[in-house]
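Reckoned from all heavy atoms, side chains included, excluding hydrogens, waters and symmetry mates.
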Amino acid sequence: MAKTIPEDLIDQIRTSVNIVDVVGQYVQLKKQGKNFFGLCPFHEEKTASFSVSESKQIFHCFSCGRGGNVFKFLMEINNIEFPAAIHQVADLANIEIPAEFSETKQGTSENSEQSQLIKLYDQAAALYTHVLLNTEMGQRALTYLHNRGLTDDIITKFQLGFAPGEQLLKEFFEEKKIDYQRLRQSGLFIEDQEGKLRDRFRGRVMYAIKNPQGHVIAFSGRILNKEDSQAKYINSPETKIFSKSNVLYNFDVARSAIRHEKRAILFEGFMDVIAAYQSGVTNGIASMGTSFTNEQIYLLQRTTSQLDICYDGDDPGQAAISRALDTFGANSQLKLSVIEIPDKLDPDEYVRQHGTKQFNEIVHSARLTPTAFKLDYLKRNYNLNNEADQLAYIEQALKEIAKLNSSVEQDLYLNQLAKEFGVQAQDLNQQLRQVRSQQSVVNHHQQPVKTVSTVKHEYHRQQVKLDKVETAEARLLNYLLYDHNVWLKIAGLPDFHFVHEKYQTIYMLAAGFFENHNSYDSAAFMDFVHDSELQDVIAELDLQDLDEENVDQAVDDYIKVIMAEAPLSQQIKTKTKSLNEAKRMGNTELQQKLAIELIDLYRQRQDA
């Protein structure tokens with residue numbers, strides 16, 4: 001059995017990394033004043049309220065209230081336990097943890113249901129890749145991938161595989177004596193009416209879908225025989241570890257490149273992402289074959305501010321780009337551009353026909369603004385040799401231009417239209433004003449409707465302004481943690497007690513912390529505390545702005561407020577307990593009496 005990792009080693013690991021660098025792998029941070037800010041990774045928001053303090057090595061969200069040190073962040077973002085977070089940070093810091101202190105590095109608890117499912121998918125992916133690369137059963141699929149230009153290294157990198165027609169996976173797990181119910185819940189099998197399981201994926205090239213931590217959580221299987229009447233692709237069903245609305249293909253690999261390049265490239269298919277990666281374009285991602293969701297958009301917004309859309313050059317691909325621009329334009333803060341692939345090819349085909357050099361040139365230089373793409377895309381619906389179609393096209397083009405907020409951009413496209421169709425720019429400008437006026441009226445009458453995904457993730461904490469007593473408690477607690485003289489002063493007050501339990505608990509835990517620490521360090525104290533909710537409170541305390549010049553006077557004032565409130569607060573608790581007992585006994589007369597007395601106590605508190 002592994003021993004508990006000693007505190008001094010935990011401190012060494014935590015202080016060997018900069019929390020800004022770690023959080024920056026998941027959140028796009030910008031420095032504002034002393035701290036860094038970004039969009040909170042724990043809830044959806046439009047205005048950045050997630051703060052990271054480099055000097056104190058903690059994070060705190062002013063909206064949802066979550067806070068902590070680097071270990072707490074990784075625990076929350078990756079859904080892992082404390083020992084696993086220590087190992088992750090140790091890996092980042094190149095610190096080797098002795099084998100005697102080795103704990104599970106699994107993303108979640110070793111025995112959790114999610115962990116068990118992830119283990120099944122990792123094993124299935126390894127089996128499929130082995131079949132593809134090393135067996136006669138996989139030879140035809142391997143030849144297919146080689147013909148599409150993929151090397152064995154790339155196949156291994158992306159954990160491509162092959163699921164043969166036999167019940168190979170079922171037999172593989174039966175030999176390992178995996179529980180039947182776990183196999184049923186995995187989504188790797190289809191259950192017939194008699195309760196028997198058979199492999200969900202057979203005769204298909206397998207694409208491994210991974211979570212941001214690099215663990216396989218689902219598959220997409222492509223049929224190998226074109227003549228088959230089966231669907232070209234089938235995907236894993238949603239499970240406890242996989243929701244297609246939350247996943248971006250290759251995000252685990254592309255995330256660091258996206259941060260480095262400061263932009264992501266959205267491709268339409270898995271093979272496009274892989275071909276681009278093999279060509280040196282490593283910041284490519286893809287959705288799961290459906291329209292983009294708010295969750296996927298928000299995942300990108302936290303990581304970058306620029307998204308380039310590079311779909312197929314054929315008509316369906318261009319239509320998909322148009323739909324994607326509408327989706328992103330209405331729901332995100334990303335700066336968008338479009339990469340057009342010539343000759344109606346998809347990115348994978350273009351790489352095979354024209355080579356990686358030309359593909360890289362297109363990716364890095366052939367970018368259109370969303371408006372430029374839309375204006376060009378609209379032309380597909382009109383015969384521009386016909387005057388009636390010209391007028392109809394101009395009308396639709398003006399509706400697109402009217403969506404722009406920049407007058408400079410509007411003038412640019414108006415002048416292009418005027419030159420292209422031989423009309424006066426001032427006439428177009430006048431018509432544009434009419435269009436904008438009409439759109440303004442329509443927008444005014446439309447009520448905003450929240451999407452289901454936004455409502456589902458909307459668990460922001462209510463921003464309740466602290467009353468006088470709690471404000472005094474929070475500020476006094478902050479003073480006494482950092483200032484030993486204030487600590488000694490409070491310790492010398494025998495009748496002192498914080499009114500709110502959370503502050504009193506932190507105060508008592510701090511006493512234990514200072515037995516082995518000469519000074520206060522909030523990041524270290526959080527490890528000592530362990531409790532997640534108290535860690536949130538500690539982070540919030542630490543980011544207060546306090547009066548540094550009049551400490552003694554401020555401390556005295558806060559003590560007076562708290563000491564005056566403490567007896568009243570205790571009376572309220574006692575009276576409330578008595579009222580509940582009277583309700584339980586059904587004593588109506590006593591209930592009325594106690595209720596009046598409670599109201600009087602609350603009035604006294606309000607007037608204090």
How many angstroms lie between atom [atom1] of [X] and atom [atom2] of [Y], to the nearest 0.5 angstrom?
| X | Y | atom1 | atom2 | value |
| --- | --- | --- | --- | --- |
| L74 | N79 | CG | CG | 12.0 Å |
| I362 | R367 | CD1 | CZ | 13.0 Å |
| I394 | E420 | CD1 | CD | 8.5 Å |

Exercise: do [X] and [Y] side chains pair donor with acceptor under 3.5 Å:
| X | Y | result |
| --- | --- | --- |
| K34 | S55 | no |
| E45 | S49 | yes |
| E54 | N18 | yes |
| N69 | Q57 | no |
| T369 | T371 | no |
| H215 | D122 | yes |
| Q159 | K210 | yes |
| N78 | Q213 | yes |

Whether [X] side chain and [Y] backbone form a donor-acceptor pair below 3.5 Å:
| X | Y | answer |
| --- | --- | --- |
| E349 | D346 | yes |
| Q410 | L404 | yes |
| Q278 | G149 | yes |
| N147 | T143 | yes |
| R200 | G187 | yes |
| Q390 | L384 | yes |
| S279 | V281 | no |
| E268 | G317 | no |
| R204 | G221 | yes |
| D348 | D272 | no |

Using a strict threshold of under 4.0 Å (side-chain N to carboxylate O), is an ion pair present between [Y] and [X]?
| X | Y | answer |
| --- | --- | --- |
| D312 | K344 | no |
| K157 | D153 | no |
| D536 | R66 | no |
| E295 | K244 | no |

side-chain contact (heavy atoms from CB on, under 4.5 Å) assessment of N246 paired with T293: CA-CA 8 Å; N246 295 326; T293 65; 5.6 Å; no

State, yes or no, whether a side-chain contact exists between [X] and [Y] at a heavy-atom distance under 4.5 Å.
| X | Y | result |
| --- | --- | --- |
| E76 | S532 | yes |
| P237 | F242 | no |
| L39 | F50 | no |
| L334 | Q301 | yes |
| Y277 | I154 | yes |
| V52 | I19 | yes |
| I274 | L160 | yes |
| V22 | L92 | yes |

Trace of the salt bridge (charged side-chain N to carboxylate O under 4.0 Å, His left out) decision for K374 with D326: CA-CA 10 Å; K374 282 282 193 176; D326 291 339; 2.9 Å; yes

Parallel under 30°, tilted from 30 to 60°, perpendicular over 60°: which one fits the rings of [X] and [Y]?
| X | Y | result |
| --- | --- | --- |
| F328 | F292 | tilted |
| F373 | Y377 | parallel |
| F421 | Y393 | tilted |
| F73 | Y26 | perpendicular |

Stepwise side-chain contact (heavy atoms from CB on, under 4.5 Å) check, L145 with L132: CA-CA 10 Å; L145 292 173; L132 175 67; 3.7 Å; yes

Proximity of Y128 and F219 rings by center, below 6.0 Å: yes

Ring centre gap for Y144 and H146 strictly below 6.0 Å: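 So the answer is no for these two rings.
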
Exceeds 12 heavy-atom contacts within 6.0 angstrom, atom NZ of K335: no

Atom NZ of K240 with >12 non-hydrogen neighbours under 6.0 angstrom: no

S53 vs L543, side-chain contact (heavy atoms from CB on, under 4.5 Å): CA-CA, chis, key distance, verdict: CA-CA 8 Å; S53 170; L543 295 176; 4.2 Å; yes

Cation-aromatic face contact R222/Y207, 6.0 Å, 45 degrees: no

